[in-house]
Amino acid sequence: MLVSLAGLIGACCRVTWLLWLYLVVMSLLIVLGIVFTIFAFAVTNKGAGQALSERGYKEYRLGDYSDWLQKRVTDRKNWNKINSCLADSKVCTDFHDKYLNTSLTEFYQAHLSAIQSGCCKPSDDCQFQYVGPTNWTRGDGAPANPDCNLWDNNLKTLCFKCQSRKAGFIDNLKSSWKKVAVVNIVFLIFLIVVYSVGCCAFRNNIRDKLDPSFSSS
Ligand SMILES: *[C@@H]1O[C@H](CO)[C@@H](O)[C@H](O)[C@H]1NC(C)=O
């Protein structure tokens with residue numbers, strides 16, 4: 001906004017140095033915007049929920065997502081903040097209430113959000129027995145997925161320590177970033193058009209200064 005204001009004053013009051021400032025800073029901002037948008041696309045390109053056969057929901061594995069996002073999200077300080085945020089959001093309490101009286105077949109058809117799938121139920125490959133959406137009985141086998149041992153039927157625990165919880169969050173983050181990146185592209189195109197107009201204005205301004213007879217022609 002400040003840069004645009006500088007450009008506006010520069011154009012209206014014919015202050016050449018302000019126009020210069022506008023053009024230089026604006027070109028830097030546009031380049032920065034393009035770099036950020038490419039980065040956002042690159043980071044959100046990798047990883048997606050895994051579709052399971054005969055399930056309405058997908059499951060999420062932390063290792064599928066970009067290393068950069070994984071590092072940022074699993075960083076202890078960041079994760080503590082995200083974790084308390086997720087706990088406050090009552091995602092799993094809502095999930096528990098919504099599917100409380102659902103039969104297993106109906107539950108399998110449920111369209112769960114990434115966070116619900118990752119946090120509020122054990123992974124499918126644990127092969128736990130369904131009692132309720134947040135109440136599962138362990139089988140006898142020793143599942144390979146380490147998340148299975150972290151599951152607890154307590155509503156305050158569920159799969160909150162699981163890797164799938166982080167994966168569900170990253171998947172959510174990923175979709176938001178994708179949207180931001182698309183909005184960014186539209187915004188950048190608009191900015192570039194306005195910038196080109198600004199460049200023309202600047203050129204005319206200089207030309208008028210060099211040869212004022214041009215402005216009347
Ligand atoms: C899970 O279901 C069983 C059987 O209905 C019940 O005994 C148990 O208390 C339930 N556990 C929780 C945490 O709700």
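Basis for what follows: all heavy atoms, side chains included, without hydrogens, waters or symmetry-related copies. Order of listing sets the numbers, starting from 1, for every ligand and every atom in it.
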Engineer: Show me the side-chain donor-acceptor pairs of residues 19-29 shorter than 3.5 Å, one per line, residues at least two apart or across chains.
Structural biologist:
from	atom 1	to	atom 2	distance (Å)
S27	OG	L23	O	3.3
S27	OG	V24	O	2.7

Engineer: Using the six-membered ring of W136, assess whether NZ or CZ of K121 lies under 6.0 Å from its centre and within 45 degrees of the ring axis.
Structural biologist: no
Engineer: For ligand 1, give me the residues whose heavy-atom distance to it is below 4.0 Å, by chain and number please.
Structural biologist: V131, N135, N153
Engineer: How are the rings of Y99 and F107 set to each other: parallel, tilted or perpendicular (split at 30° and 60°)?
Structural biologist: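 Rings of Y99 and F107: perpendicular, as their planes differ by over 60°.
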Engineer: Find out if the SG atoms belonging to C119 and C159 lie under 2.5 Å from one another.
Structural biologist: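 No.
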Engineer: Would you call the rings of F39 and W68 parallel, tilted or perpendicular if under 30° counts as parallel and over 60° as perpendicular?
Structural biologist: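 Plane angle over 60°, so perpendicular.
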Engineer: Quick check: are the SG atoms of C148 and C126 less than 2.5 Å apart?
Structural biologist: yes
